[in-house]
Novice: 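Sharing a structure below in structure tokens format, with a few things to ask.
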Amino acid sequence: DTIINEPKRVFRDDHLGGEGVDKSIRKLKDLRGIFKDERAFENMDPETLVYEVISYLPVKEGTQGGVYFGVTSIFPGSVGGEYFMTKGHFHAMIDRTEFYWGIKGEGVLILMDEQRRVWAEKMFPGSFHYIPGRVAHRVANTGKELLSFAASWPSDAGHNYEEIARNGFAKRLIDINGVASLI
Ligand code: M6P
Ligand code: ZN
């Protein structure tokens, strides 16, 4: 007999399951320095959950030719009007590319090249995004509910957070009178 196996499933709380699965959570206290309004930040509970990432990493980090998959869920919220967002990164192997696609909720993918030129794409269920090499990427939740998106990237891409930690993105996504504005 040929056995037909159960597939891996992707949910927020009961994701891929088993070996190679990594879950990481980011609280406000892990995101110190990324939001502009430091006073608003200090007045919020540092234990506030901002986002979580469930990754399926079937091969060792750095493996050439492998591919990773992750689902990121960003809670709704803002710090002084600046939407909850991911840290954002360039890839350590800077020319490595990535796909993002929207699953649930509303958001914006913010992109920045090495010349610090910034552009952005709306995210919503079914939206699809190709992130070229040499482009930093960050996602903000602009909605009132959870934003979930999937991502797939090469297993030798790595994350370079330093550049963004030091200089940030050249533009920020702020709620101005209820409208998400890139300024
Ligand atoms: C996506 C992928 C991951 C990344 C995650 C959160 O799932 O790009 O590689 O870790 O988003 O983004 P960040 O690492 O910038 O916080
Ligand atoms: Zn990436």
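Whatever order the structure lists them in is the order used to number ligands and atoms, beginning at 1. Positions are given from 1, in the same order as the sequence printed here.
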Novice: Do any N/O/S atoms of H137 come under 2.8 Å of the Zn ion (ligand 2)?
Specialist: yes
Novice: I need the nearest protein heavy-atom contact for atom 7 (O) of ligand 1: residue, atom name and distance, please.
Specialist: T72 OG1, 2.8 Å
Novice: Specify the protein heavy atom at minimum distance from atom 6 (C) of ligand 1: its residue, its atom name, and the distance to 0.1 Å.
Specialist: V53 CG2, 3.8 Å
Novice: For Y100 and ligand 1, answer yes if some heavy atom of the residue is under 4.0 Å from a ligand atom, otherwise no.
Specialist: yes
Novice: Are any of the N/O atoms on G88, whether in the backbone or the side chain, positioned under 3.5 angstrom from an N/O atom of ligand 1?
Specialist: yes
Novice: Between E145 and K104, is there a side-chain N and carboxylate O pair less than 4.0 Å apart?
Specialist: yes
Novice: List ligand 1 atoms under 4.0 Å from A151, heavy atoms only on the residue side.
Specialist: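 Ligand 1 atoms under the 4.0 Å threshold to A151: 1 (C), 2 (C), 7 (O).
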Novice: Measure the acute angle between the ring planes of F69 and W101, then classify it against the limits of 30° and 60° as parallel, tilted or perpendicular.
Specialist: tilted
Novice: From Y51 OH over to I25 CD1, what is the distance, rounded to the nearest 0.5 angstrom?
Specialist: 11.5 Å
Novice: For E98, what is the atom name of its N, O or S atom nearest to the Zn ion (ligand 2)?
Specialist: OE1
Novice: Are the aromatic ring centres of F128 and F99 under 6.0 angstrom apart?
Specialist: yes
Novice: Pairing donors with acceptors under 3.5 angstrom, does anything connect the side chains of T63 and S155?
Specialist: no
Novice: May I have the step-by-step check of salt bridge (charged side-chain N to carboxylate O under 4.0 Å, His left out) for E47 and K29, ending in yes or no?
Specialist: CA-CA 6 Å; E47 296 299 325; K29 66 181 181 190; 3.0 Å; yes
Novice: What protein heavy atom sits nearest atom 12 (O) of ligand 1, and how far away is it?
Specialist: T86 CB, 3.8 Å
Novice: Distance to 0.1 Å, residue and atom name: give those for the protein heavy atom nearest to atom 14 (O) of ligand 1.
Specialist: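 It is Y161 OH, 2.4 Å.
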Novice: Suppose we measure from atom 2 (C) of ligand 1 to each protein heavy atom; which comes out shortest, and what is that distance?
Specialist: E98 OE2, 3.2 Å
Novice: Below the 3.5 angstrom mark, is there an N/O of H137, backbone or side chain, next to an N/O of ligand 1?
Specialist: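 The answer is no, given that H137 and ligand 1 share no N or O pair closer than 3.5 Å.
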Novice: Show the atoms of ligand 1 that are less than 4.0 angstrom away from any heavy atom in W153.
Specialist: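 Listed by number with element, the hits are 2 (C), 3 (C), 9 (O).
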Novice: I need the nearest protein heavy-atom contact for atom 16 (O) of ligand 1: residue, atom name and distance, please.
Specialist: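 The protein heavy atom lying closest is Y51 OH, 2.5 Å.
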Novice: Do R32 and E42 meet the salt-bridge criterion of a basic N to acidic O distance under 4.0 Å?
Specialist: yes
Novice: Taking atom types as modelled, find out whether H159 and H91 have a side-chain donor-acceptor pair closer than 3.5 angstrom.
Specialist: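 No pair is found: no donor N or O on one side chain lies under 3.5 Å from an acceptor on the other.
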Novice: So, are E82 and K36 salt-bridged, with charged N and O less than 4.0 Å apart?
Specialist: no
Novice: Among all protein non-hydrogen atoms, which one is nearest to atom 9 (O) of ligand 1, and what is the separation to 0.1 Å?
Specialist: H159 NE2, 2.7 Å
